[in-house]
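Some notes on the structure that comes next.
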2 protein chains.
Amino acid sequence: MEPEKNNLRYVPKSVIKRLALYCRILHRIEMDGLTRISSKILAQFLGITPAQVRKDLAYFGQFGVPGFGYNPHDLRIHLKKILGTDRIINLAIIGVGNLGKALLSYVGFKTQGFKFIAAFDLDQRKVGRKINELKVSSINELEKILKDSDVDIVVLTVPANAAQEVVDRLVKCNITAILNFAPIRIDVPSHVRIHSVDLAMELERLSFYLR
Amino acid sequence: MEPEKNNLRYVPKSVIKRLALYCRILHRIEMDGLTRISSKILAQFLGITPAQVRKDLAYFGQFGVPGFGYNPHDLRIHLKKILGTDRIINLAIIGVGNLGKALLSYVGFKTQGFKFIAAFDLDQRKVGRKINELKVSSINELEKILKDSDVDIVVLTVPANAAQEVVDRLVKCNITAILNFAPIRIDVPSHVRIHSVDLAMELERLSFYLR
DNA sequence: TAGATTGTTAATCGATTAACAATC
DNA sequence: TAGATTGTTAATCGATTAACAATC
């Protein structure tokens, strides 16, 4: 038996990663008008084994029909509920430099149900300017604004040397999920989730394989 | 004994990932003026075990002195050589939208030794414009320009529906390493490395942990 | 019913960690 | 020399895959 079956926090991280992938594929299958899909075909789309698809889903319940397969639409809805993306997720962004601005207008976030509701920067020249309908606030107002808002996830696009300090403030504001683009390891209490995307490091890893 | 010890391609991906991390930490340690570092301390910085640090390094040789530890500078130089980042790595970018522009001016790439030497876009209004000293070329000239250039890695920031087609062309141009930001699975021949950064998916995974 | 595919258990595989002889 | 820390082997842990009874 799986340990802690009913506690979603103990689902392996690799499974969560694939969950979002399943949603994508299922959406495409739905668009194609198909009304059934087997673990075998689903696995083919992802380049994994059918057993893994079924095992991943088993962490959360039984969604298929033996001898038949899965209903793409129903399964996707289930998975979205499990991921928590069956509603609009509110974002705040801190650091409105080039990357920050690009993310603020990234359509992929919007189509996946994410919405920026606050943006902050240290630079007073940027404060008050609007980017994609959203007014940039001063970082001085971070606590005041976050307190009254429903921010679910904070996107962090500040320079590396500012990141830890900002995160400490976010933690005090009861933010529990952070997507960090600063190329530095950040300490957070165990109840806070921080995922880091290190763009330069992705390139370094690719370099290794250049013949 | 490790299988294929002398063939770097068989080093686990997780080890390569940490290699770049080690470089970062070692650089900081060097800046702090330290001339020795143990696997224990190095591990602490990364939140892993000392055994893992030593095992990772063992894939590539012996870099330490028993009873003493490692020389931060020497180890970092070794690791950079292994990663292939001991020289300037040339990049091309395809798709000069918001994200593309942000990456073109991302200082993190420059400081880590990456250099954009070509940029392409489909939109004729963008062609000829300069971004960060670099002239945007028409995607029509992709083959012509890549043929005469020393591009090591291509950064792909085109819409999802254009990604596969562009990659097919890149493969024909003998590009073997791609960093893809389009949120779609892309097929490549086995000799081509493609790493995908799916920004929306990072947020979806975080959503899961929101209480 | 026969055929197909699920959900789940057991086997396998790979990666991490512990332990320790070698050695500076 | 005594103390410290490496490099490496063996043990452990966790995740993936194979197999198959259950069942539509």
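In what follows, every chain begins at residue 1, and chains take the letters A, B, ... in the order their sequences are listed.
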Quick one: do D86(A) and K81(A) make a salt bridge, cutoff under 4.0 Å? no

Counting N and O atoms only, with roles assigned by atom type, does the side chain of D152(A) sit under 3.5 Å from a partner on the main chain of I89(A), one being a donor and the other an acceptor? no

Is a side-chain donor-acceptor pair under 3.5 Å present for N132(A) with S105(A)? no

Any side-chain N or O of S39(B) less than 4.0 Å from the OP1 or OP2 oxygen of dT5(D)? no

R36(A) CZ to dA4(C) P, straight-line distance once rounded to whole Å: 10 Å

What stems show up for DNA chain C when you take Watson-Crick pairs (N1-N3 plus N6-O4 or O6-N4) and G-U wobbles (N1-O2, O6-N3), both under 3.5 Å, and require three or more consecutive pairs? C:3-24 with D:3-24

Under 3.5 Å donor-acceptor, T85(A) side chain and E204(B) backbone: no

Rounded to the nearest Å, what distance is computed from the OH atom of residue Y10(B) to the P atom of nucleotide dG14(C)? 12 Å

Mark up nucleotides 17-24 of chain C, 5' to 3', with B wherever a protein heavy atom is under 4.0 angstrom from a base atom, S wherever such an atom reaches only the sugar-phosphate, and - elsewhere. BBB---BB

Kindly say whether L179(B) contributes a backbone atom to a donor-acceptor pair with the side chain of E202(A) at under 3.5 angstrom? no

Taking dT6(C), dA15(D), dA15(C) as options, the one with an atom nearest any side-chain atom of Y70(A) is dT6(C)

In whole angstroms, how far is the P atom of dT16(C) from the NZ atom of K13(B)? 13 Å

In whole angstrom, what separates Y59(B)'s OH from dT6(D)'s C1'? 17 Å

Does NZ or CZ of R36(B) lie under 6.0 Å from the centre of the six-membered ring of Y70(B), at an angle within 45° of the ring axis? no

Less than 4.0 Å between a side-chain N and a carboxylate O, is that true for R76(A) and E30(A)? yes

Nearest whole angstrom, please: distance from the P of dT6(D) to the CG of N71(B). 13 Å

So, the side chain of R185(B) versus the backbone of F45(A): is there a donor-acceptor pair under 3.5 Å, distance only? yes

Ring pair (Phe, Tyr, Trp, His ring centres under 6.0 Å) involving F63(B) - partner list, sequence neighbours excluded: H78(B)

Just the rounded figure in Å: distance from C1' of dG14(C) to CG of D56(B). 14 Å

Nearest whole Å is fine: how far is dT5(D) P from I37(B) CD1? 11 Å

